[in-house]
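Below is one structure, written out as structure tokens, with a few remarks after it.
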Amino acid sequence: MPELPEVETIVRRCRPRVEGRRIRAFASSWAKNAFPSVSHVRRGVVGRTVTRLGRRAKFIVFHMEDGGHLLVHLRMSGRLEWADQPGFRPEHIRAHWDLDDGRRLLFCDARKFGRIVYTRDLPATTAALGPEPLEPEFTPRVLARILRRRRRQLKPLLLDQTAIAGLGNIYTDEALHAAGLHPLTRADTLSDVQVRRLHAAIRRILRLAIRNHGTTIDWIYPGGWMQRRLRVYGRTDEPCCDCGTPIVALRVGQRSTHFCPRCQPLRGVRGRRH
DNA sequence: TGAATTGTTATCGT
DNA sequence: AACGATAACAATTC
């Protein structure tokens with residue numbers, strides 16, 4: 001569930017407590033989700049200082065002093081919590097790191113889909129990921145190149161982390177609505193104007209979501225208020241904010257997809273259907 | 001009880 | 001062969 005804005009929010013929250021801290025111990029009670037293994041992760045991080053806490057796509061990245069990196073992917077239900085939080089008892093603890101100031105960072109994950117990865121070669125580990133949509137290098141030209149060489153539908157393509165990094169189901173739907181593009185539009189049929197519109201929409205939505213600390217949906221991710229600003233996601237049959245037409249829900253590649261049939265017509269400038 | 005939930009990967013088809 | 005579509009999978013909640 002956590003997408004780029006939620007992960008970015010988590011990184012920013014944890015950064016002051018993690019950067020500059022030496023890791024004293026690591027343990028995991030769910031060996032399946034530690035790569036290459038629990039002992040590899042332990043050997044890689046214990047006794048070393050975290051120089052920087054960053055993010056790549058939906059990965060939380062611990063930069064270690066010796067050039068190693070620890071990556072945490074939250075997948076559906078993963079969260080980072082602190083053991084000393086007053087009035088809050090974390091459940092489903094799968095791993096923890098003890099820091100040299102006595103604090104314990106917890107990795108909680110009800111569904112056990114999350115992953116903890118230690119690597120000595122970060123570029124190789126993240127080589128398959130597409131560009132970061134909020135970096136300056138992500139220009140309309142870059143997006144145009146990604147779209148033109150694919151004949152896939154926009155929705156699954158934007159969800160594909162090897163095409164663009166960081167978008168998930170929520171912000172893909174929101175970006176397509178903001179750009180006025182139907183989720184089933186073929187990627188290689190967009191005009192230059194539509195590409196530019198989509199580029200601007202992706203960045204605007206992600207920035208807005210970060211400013212709102214992400215989207216809170218049930219118990220999985222707390223603390224954000226972007227859910228108040230969602231215009232299509234989860235609003236099936238409710239009126240479109242722009243035109244009042246009821247929002248339609250579709251199933252695209254096993255994913256729920258929400259859009260406004262009036263603001264996001266399938267027939268684009270050069271789009272075609274049958 | 002089983003439907004819903006998601007990112008990733010394996011597999012099948014074109 | 002390369003790409004696209006689809007299914008499977010992890011495990012839990014409501």
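Both backbone and side-chain heavy atoms feed into the values below; hydrogens, waters and symmetry mates do not. Here is how names work: the chains are called A, B, and so on, in the same order as the sequence lines, proteins then strands, and each is numbered from 1.
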Excluding sequence neighbours, so at least two apart, what forms side chain to side chain contact (heavy atoms under 4.5 Å, CB included) with [X]?
| X | value |
| --- | --- |
| Asp160(A) | Arg150(A), Arg152(A), Thr162(A), Ala163(A) |
| Arg48(A) | Met64(A), Glu65(A), Asp66(A) |
| Pro246(A) | none |

Counting only side-chain N and O atoms of Arg251(A), is one of them less than 4.0 Å from OP1 or OP2 of dT5(B)? yes
According to a strict under-4.0 Å criterion, is His73(A) in side-chain N/O contact with OP1 or OP2 of dT6(B)? no
Taking only distance into account, with no hydrogens and no angle test, what donor-acceptor pairs under 3.5 Å do side-chain atoms of residues 200-208 of chain A form with protein atoms, sequence neighbours excluded?
from, atom 1, to, atom 2, distance (Å)
Arg203(A), NH1, Pro133(A), O, 3.2
Arg203(A), NH1, Glu135(A), O, 3.1
Arg203(A), NH1, Phe138(A), O, 3.0

Test side-chain hydrogen bond (donor to acceptor under 3.5 Å, both in side chains) applied to Tyr171(A) and Thr215(A), step by step: CA-CA 10 Å; Tyr171(A) 300 115; Thr215(A) 303; 2.7 Å; yes
Determine the contact category for Tyr233(A): base if any of its heavy atoms lies under 4.0 Å from a base atom, sugar-phosphate if only primed atoms, P, OP1 or OP2 are that close, otherwise nothing. sugar-phosphate
Does the gap between the ring centers of Tyr233(A) and His258(A) come in under 6.0 Å? yes
Please list, by residue number, the residues of residues 151-178 of chain A whose heavy atoms come closer than 4.0 Å to an atom of DNA chain C; answer none if no residue qualifies. Arg151(A), Arg152(A)
Protein-nucleotides 12-14 of chain B N/O pairs under 3.5 Å:
none

Mind checking side-chain hydrogen bond (donor to acceptor under 3.5 Å, both in side chains) for His182(A) and listing every partner two or more places apart, or none if nothing turns up? none
Any residue meeting side-chain hydrogen bond (donor to acceptor under 3.5 Å, both in side chains) with Gln153(A), in chain and number order, not counting sequence neighbours: none
Could you state the [atom1]-[atom2] distance from [X] to [N], rounded to the nearest angstrom?
| X | N | atom1 | atom2 | result |
| --- | --- | --- | --- | --- |
| Leu184(A) | dA5(C) | CG | C1' | 13 Å |
| Asp109(A) | dT13(C) | CG | P | 11 Å |
| Leu74(A) | dT5(B) | CG | C1' | 15 Å |
| Arg79(A) | dT6(B) | CZ | P | 17 Å |

Would you please name every residue forming a ring-ring contact (aromatic ring centres under 6.0 Å, His included) with Trp225(A), sequence neighbours left out? His213(A)
Hey, could you give me each pair passing salt bridge (charged side-chain N to carboxylate O under 4.0 Å, His left out) that has a residue in residues 230-240 of chain A? Not counting sequence neighbours. Arg231(A)-Asp242(A), Arg235(A)-Glu238(A)
Qualifying salt bridge (charged side-chain N to carboxylate O under 4.0 Å, His left out) pairs, either residue in residues 170-185 of chain A, two or more places apart: Lys155(A)-Asp173(A)
List every contact pair, protein side and nucleotides 9-11 of chain C side both N or O, where the distance is under 3.5 Å.
from, atom 1, to, atom 2, distance (Å)
dA11(C), O4', Arg111(A), O, 3.0

